[in-house]
There are 2 protein chains.
Amino acid sequence: MSSSSRRSSRSPATVGGDLRVALTRISRRLRAERGEADLPEGQFGILTVLHKHGEMSPGSLAEHERVRPPSMTRAVNTLVELGLVEKVEHATDKRQVVVRLTTAGEREVAETRRRRDAWLTKQLSTLTVEEREILAGANELLIRIAAR
Amino acid sequence: MSSSSRRSSRSPATVGGDLRVALTRISRRLRAERGEADLPEGQFGILTVLHKHGEMSPGSLAEHERVRPPSMTRAVNTLVELGLVEKVEHATDKRQVVVRLTTAGEREVAETRRRRDAWLTKQLSTLTVEEREILAGANELLIRIAAR
DNA sequence: CACGTACCGTTAGCAAGGCTAATGATCTAG
DNA sequence: CTAGATCATTAGCCTTGCTAACGGTACGTG
């Protein structure tokens, strides 16, 4: 049974229900795959945001990651203890704090990403080019939807 | 900017990295959308498994949901307190327990699913038919991958 | 200049939900 | 009949989310 042709149920409601199930399953599967050595998903997320967008305040990070400020404070502190980020004071506003990656943090982003994505990448490499196209397209749609 | 044509990076590794980000974001977004009244994702998952596969032991449920047995015991007990499932003794093996949906549980599956999917369904209804095709295709691929 | 208000990050404390280790009951092979 | 395996549970820990409340800083207005 292939994936695309005859299939009558493409209504928003049907796709939505199926999609939720798929997302829950794959999330758990990914979490299960994460090695002992790796950072928890959320902390790794913070590193990648900093890597991508540069230094940032805890507040912005919290908003970006859809988490409340106190949660972000704690996560950032953990990363500070691990030596992966550092907090420096804001140039003009002493209320604010600037969080940025250390060199160790930069290295960690690269290494962890490689290690972490190994399983998923392996799975994807068993798919056809067309199937990967589908997932790549889905990525963009999901990101778009998540942004609202 | 459309979603499918010019874009050179379709390697397993690239898609994998992007996909992980997309999955994390949408999961958080979905969780944020879950109303106060709804069951937590995990508990709802148990109900749907029972609805789909019929009565089951806690052990099988744990395996199916990729969770350790003690975690499942606790989750099931919560559902028992809510009156959504019941535990009955196994016909021949007194070590085992059989978990099954109550009538209230059956009703809850239908109602919660409808309520819960409302937000996602609404988002999907703003997409084009082609985009929904992509997500529907992605569903199947993700389920397949998650099954390994 | 001074003072009230708003903003930013943090601290304190709670809840959910995952885990491991250890226990108790039951089953089954020998 | 006994020893080991299997199943669920209990106990206790850890992570990570939240809200409420606080302390310091910035800034507009009188």
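Side chains are part of it too, since the values below use all heavy atoms of this structure and drop only hydrogens, waters and symmetry mates. In the text below, chain A, chain B and the rest are named by the order of the sequence lines, each starting its count at 1.
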The test is side chain to side chain contact (heavy atoms under 4.5 Å, CB included); show your working for A:Leu135 and A:Arg132 and say whether it passes. CA-CA 5 Å; A:Leu135 288 179; A:Arg132 283 204 295 273; 5.6 Å; no
Checking side chain to side chain contact (heavy atoms under 4.5 Å, CB included) for the pair A:Glu108/A:Gln43: CA distance, chi angles, key distance, verdict? CA-CA 11 Å; A:Glu108 188 71 12; A:Gln43 291 174 29; over 6 Å; no
Closest contact, heavy atoms only, A:Gln96 versus A:Ser57: OE1-CB, 4.0 Å
Provide the closest heavy-atom pair for B:Phe44 versus B:Val109 in the form atom of the first, atom of the second, distance. CE1-O, 4.1 Å
Would you classify A:Gln43 as touching base, sugar-phosphate or nothing, given that sugar-phosphate means primed atoms plus P, OP1 and OP2, and contacts are heavy atoms under 4.0 Å? sugar-phosphate
Quick one: label B:Ser60 by what it contacts on the DNA or RNA (base, sugar-phosphate, nothing), any heavy atom closer than 4.0 Å. nothing
Same cluster or not: are A:Leu19 and B:Leu127 linked, directly or through other Ile, Leu, Val, Met, Phe, Trp or Tyr residues, by side-chain heavy atoms under 4.5 angstrom apart? yes
Under 4.0 Å from a heavy atom of chain A: give me the 5'-most and 3'-most nucleotides of DNA chain D that qualify. D:dT16 to D:dA26
Calculate the interatomic distance between [X] atom [atom1] and [N] atom [atom2]; express it in whole Å.
| X | N | atom1 | atom2 | answer |
| --- | --- | --- | --- | --- |
| B:Glu63 | C:dC19 | CD | C1' | 17 Å |
| B:Arg68 | C:dA22 | CZ | P | 16 Å |
| A:Leu61 | C:dT10 | CG | P | 11 Å |
| B:Arg74 | C:dA16 | CZ | P | 10 Å |
| B:Lys94 | C:dT28 | NZ | P | 13 Å |

Please report, to 0.1 Å, the donor-acceptor pairs under 3.5 Å made by any side chain of residues 77-84 of chain A, with sequence neighbours excluded.
from, atom 1, to, atom 2, distance (Å)
A:Asn77, OD1, A:Lys87, NZ, 2.6
A:Asn77, ND2, A:Thr73, O, 3.4
A:Thr78, OG1, A:Arg74, O, 3.1

Separation of A:Ser71 OG from A:Leu61 CG (nearest 0.5 Å): 12.5 Å
Expected rows: protein N/O vs nucleotides 6-8 of chain C N/O, under 3.5 Å:
from, atom 1, to, atom 2, distance (Å)
C:dC7, O2, A:Arg95, NH1, 3.2

Are B:Ile145 and A:Thr126 packed together at the side-chain level, in the sense that at least one heavy-atom pair is separated by less than 4.5 angstrom? no
Does atom CD (A:Glu111) have a neighbourhood of more than 12 heavy atoms from anything else shown, all under 6.0 Å? yes
Which residue lies more 5' along DNA chain D, comparing B:Asn77 with A:Thr92 via nearest heavy atoms: B:Asn77
Do any side-chain nitrogens or oxygens of B:Ser71 fall under 4.0 Å of OP1 or OP2 in C:dC19? yes
